[in-house]
Amino acid sequence: MNDAGEPGYNFAYLDESTKRMIRRAILKAIAIPGYQVPFGSREMPLAYGWGTGGIQITAAVIGADDVLKVIDQGADDTTNAVSIRRFFARVAGVETTERTAEASIIQTRHRIPERRLSDGQILVYQVPIPEPLRFIEPRETETRKMHALVEYGAMHVKLYEDVAAHGRITTSYNYPVLVNGRYVMSPSPIPKFDNPKMDMMPALQLFGAGREKRIYAIPPYTPVKSLDFEDHPFSVERSDRPCALCGATDTFLDEIVADDRGGRIFVCSDSDRCGEQRDQVASGDGAAP
Amino acid sequence: MTDLPLLTATSLSYAYGRRMACQDVDLEIWPGEVVAIVGESGSGKSTLLGCLSGRLRPDRGHVAYRDRDGAVLDVWAEPEARRRLLMRTDWGMVHQNPRDGLRLRVSAGGNVGERLMAVGARHYGDIRQAAQAWLERVEIDPARVDDLPLAFSGGMQQRLQIARVLVSNPRLVFMDEPTGGLDVSVQARLLDLIRGLSRDLGLSALVVTHDLAVARLLAHRIVVMRGGGIVEHGLTDRVLDDPHHPYTQLLVSSVLPA
Amino acid sequence: MYVAVKGGEKAIDAALDLLARRRRGDDAVPELSVDQIDAQLSLAVDRVMTEGSLYDRQLGALAVKQARGDLVEAAFLLRAYRTTLPRFGFSEPLDTARMALARRISAAFKDLPGGQILGPTFDYTHRLLDFALLAEGRPSVTDVVRHAAGEVQPAMPRVTDLLADEGLIERDGDMTGAPADITRDPPHHPAPRDARLQALSRGDEGFLLALAYSTQRGYGGNHPFAGEIRYGEVAVHLHVEELGFAVDIGDIEATECQMINQFKGGGDVPPQFTRGYGLAFGHAERKAMSMALVDRALRAGEFGEEAASPAQDEEFVLSHCDNVDASGFVQHLKLPHYVDFQAELLAVRALRAAFQDKEAAQ
């Protein structure tokens with residue numbers, strides 16, 4: 001019964017049989033890393049494409065003792081993150097936080113937190129298009145076969161074309177990865193800057209695509225390799241300047257248009273990490289500046 | 001040639017509804033051999049090609065393929081995974097319309113490189129080099145490696161398709177009217193190229209054509225089809241110069257210049 | 001110093017508040033009641049119930065009101081509510097032959113048992129704006145209509161049954177076992193016809209209308225005749241496990257369209273017409289007819305027809321017909337994408353720098 005949440009609704013909105021169905025899909029997904037498990041995605045009181053897959057996963061795994069953090073574009077205060085966090089505060093009555101370290105479940109759209117996640121944490125990704133082969137082959141019947149038969153040649157054709165046209169792989173986000181040496185997987189539209197964090201991550205990574213009705217997963221400590229060529233290895237582009245707020249040089253930065261004369265400011269996209277860094281600087285034990 | 005066939009078809013039958021497109025066909029292809037299937041449209045030659053090449057499941061009969069290790073596979077009894085693997089490694093398919101066999105929005109180099117990448121090639125420079133070498137081999141300027149097939153003429157597209165198929169070193173190539181949509185002058189050049197390549201590479205090939213001149217130029221052996229069945233087969237020169245079956249006689253006299 | 005955009009919570013609260021005020025509109029104008037919407041905008045409620053796949057007139061009207069008349073948004077509201085409801089089971093197939101008819105027409109026969117009943121249709125209105133309605137006066141209602149209002153015709157045989165008795169058209173499919181439930185199970189292709197029909201029934205009317213239209217213009221034509229369109233009240237029977245038989249749990253209004261399509265046969269089967277089927281809650285002829293045309297188009301493979309047009313492509317149609325899916329995904333482009341855009345900016349800048357270096361070197 002629901003003591004903490006919204007009257008008239010079950011704890012965390014979904015009824016228990018739906019949660020069970022989703023948990024089964026999650027277990028299967030964990031058992032076959034990178035494989036897209038079809039599931040009976042429900043209509044949620046949030047529009048499809050706005051995180052319904054992530055919300056269903058979070059609703060299925062969250063318990064009363066969990067501490068939830070929700071980010072969109074790395075930040076806790078973007079409107080969609082606020083909206084989803086409020087949804088769970090309302091229907092599950094759970095504690096929420098903006099601190100990456102304190103969260104037991106982090107639901108995210110388009111970023112992986114900068115702070116290294118630890119054992120026991122769960123990172124829930126919102127996924128718009130789960131199928132990495134979709135733009136090569138629009139048919140689900142065909143792409144499922146391609147995965148089953150490990151027919152991934154066409155995936156590299158895309159990368160080949162990048163190099164042929166630009167001298168380098170230009171895919172900058174939603175950069176495809178090979179999970180556990182078997183399945184090619186879409187990491188969701190995170191910048192490729194975040195790809196290396198997926199490899200051997202101690203936290204459990206769950207991916208939910210509500211509209212497309214797919215769940216997939218990367219169990220803790222699973223190898224995740226970004227696709228590349230031997231002579232054009234995967235690499236991450238870094239901004240050549242530090243965060244204007246905290247001075248960090250190792251984070252992904254958002255570019256803010258400061259005025260109409262070409263003025264730009266670069267700040268951490270991960271708002272929590274940025275705040276932490278500033279606190280450390282203020283207390284004198286952080287790195288310069 | 002060794003003493004075992006590469007591909008053996010027995011009692012192949014395929015029906016569209018009640019119409020038998022192909023009935024009780026037996027056929028063998030030997031290593032290094034080019035076989036032409038000739039006949040008018042509707043004779044069942046394309047259906048037979050589909051059944052032999054793993055694209056059209058026959059209603060009855062078997063297709064046996066002897067792989068590189070000498071093991072014999074019952075093609076239609078194998079799981080689809082094995083069959084598809086065969087189709088992108090040991091086998092190749094050249095379509096009449098190059099657009100069916102090419103990725104039109106992918107550069108010539110990407111088209112040729114795909115089969116290499118499909119079997120694990122991961123060195124961009126090597127893939128590109130192989131693609132350029134193959135372009136040269138099919139008489140396309142290697143400098144055009146980054147051009148899209150759409151920028152190529154029909155004959156070039158067809159040669160590009162052939163390069164895309166041959167790059168992975170297949171043992172058996174199926175060709176469906178490979179010179180079908182081309183001008184006569186372009187046809188001759190392409191036929192010359194195919195003949196040279198199949199000889200140099202020791203390829204086995206099965207060529208479907210309605211054009212006896214194509215068969216004469218390319219094939220060691222000819223299979224004549226009519227109404228879904230084989231009416232005559234034999235060495236190319238023998239069949240064309242001394243046809244036994246009345247239908248073959250008609251075909252030869254009506255098409256080949258005297 | 002730059003201060004990051006904060007205050008998402010406040011902004012959302014303010015937006016909700018503003019939305020509520022816009023919904024209410026000018027306070028000087030009386031507020032619409034849900035009953036008024038149900039009674040006077042009944043076709044909007046019908047559409048919302050059909051695409052929301054929940055038959056509840058009051059909730060449908062509430063959704064229309066809450067969504068400020070945006071029917072796709074209203075259908076979404078109903079769906080989000082529906083998904084929280086327990087599922088008791090599934091009904092017996094509706095026996096539309098026993099429908100209490102308010103309208104029934106056939107374009108295939110001039111006359112037939114029971115006759116043609118025009119009922120409340122826009123078909124023969126002259127689409128002239130009726131300024132009497134502007135003046136909030138009652139429109140002139142003829143005596144005949146006044147007399148007939150509320151009068152419902154008794155059950156009449158379905159045209160397709162008359163044809164099927166002679167073997168001239170394929171029979172209704174047999175209903176054995178539990179039907180598919182696309183709200184519970186993930187889709188797979190090829191989908192069985194029950195799953196397809198469910199998807200079409202709650203699919204977007206505009207999308208299906210356009211697809212149906214395309215089949216008429218040569219993109220997968222199937223020579224349709226409007227065999228019968230009927231609208232009225234039909235009983236819903238639910239099989240109750242404990243009782244061992246089906247009980248009548250109430251009547252719903254529904255529109256059914258049976259298209260008669262080109263005949264097939266040959267081999268062991270004598271030639272007979274084929275069907276396309278459409279069903280919608282309430283009075284929704286355009287929807288039911290569109291659905292029937294698309295249903296038939298999607299059966300191309302079953303009849304060995306070439307399937308080269310969009311309306312015949314099951315994956316294409318079923319993956320894109322749902323307006324809750326489509327609306328959400330199209331509109332999610334409003335969500336911030338600046339991380340991805342930043343990644344693209346980095347890539348483009350790097351490419352431009354490389355380009356300039358190359359230029360300079362030359």
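Everything numeric here is computed off the predicted structure, so don't read it as measured data. So that the names make sense, note that chain A is the first sequence line, chain B the second, and so on, each numbered from 1.
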S.K.: Is any side-chain heavy atom of A:Gln205 closer than 4.5 Å to a side-chain heavy atom of A:Ser188?
M.R.: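 A:Gln205 does not reach A:Ser188 side chain to side chain.
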S.K.: Checking heavy atoms, do the side chain of A:His156, its backbone, both or neither come under 4.5 Å from chain B?
M.R.: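 Answer is both: backbone and side chain atoms of A:His156 are under 4.5 Å from chain B.
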S.K.: Ring centroids only, cut at 6.0 angstrom: are A:Tyr216 and A:Tyr35 within range, meaning strictly under it?
M.R.: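 No; A:Tyr35 has its ring centre 6.0 Å or more from that of A:Tyr216.
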S.K.: Does B:Val94 reach the side chain of B:Gln158, with side-chain heavy atoms less than 4.5 Å apart?
M.R.: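 Sidechains of B:Gln158 and B:Val94: in contact.
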S.K.: Top residue by heavy-atom pair count (under 4.5 Å) with chain A, among B:Arg105, B:Glu114, B:Arg84?
M.R.: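 Top count of heavy-atom pairs under 4.5 Å with chain A: B:Arg84.
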S.K.: Please classify the contact of B:Arg128 with chain A as side chain, backbone, both or neither, using a heavy-atom distance under 4.5 Å.
M.R.: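 The answer is both parts of B:Arg128.
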S.K.: Counting only heavy atoms closer than 4.5 Å, note whether B:Arg82 contacts chain A via side chain, backbone, both or neither.
M.R.: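 Neither part.
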S.K.: May I ask you to test the A:Pro196-A:Val236 pair for a side-chain heavy-atom distance under 4.5 Å?
M.R.: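 Side chain of A:Pro196 against side chain of A:Val236, heavy atoms only: contact under 4.5 Å found.
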S.K.: What part of A:Tyr152 is in contact with chain B, defined as an atom under 4.5 angstrom from a non-hydrogen atom: side chain, backbone, both or neither?
M.R.: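 A:Tyr152 has no heavy atom closer than 4.5 Å to chain B.
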S.K.: Would you mind reporting whether B:Pro5 and B:Ile29 have side-chain heavy atoms less than 4.5 Å apart?
M.R.: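 No, too far: nothing below the 4.5 Å cut-off.
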S.K.: If you count heavy-atom pairs under 4.5 Å between each of A:Ala165, A:Ala148, A:Gly153 and chain B, which one has the most?
M.R.: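 When all of A:Ala165, A:Ala148, A:Gly153 are compared, A:Gly153 has the most.
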S.K.: If you tally heavy-atom pairs under 4.5 Å against chain A, which of B:Pro79, B:Gly125, B:Gly109 wins?
M.R.: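 The option with the most such pairs is B:Gly109.
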S.K.: First locate atom CG of B:Leu86, then atom CG of B:Leu73, and finally report the distance between them rounded to the nearest 0.5 Å.
M.R.: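 Here the interatomic distance stands at 6.5 Å.
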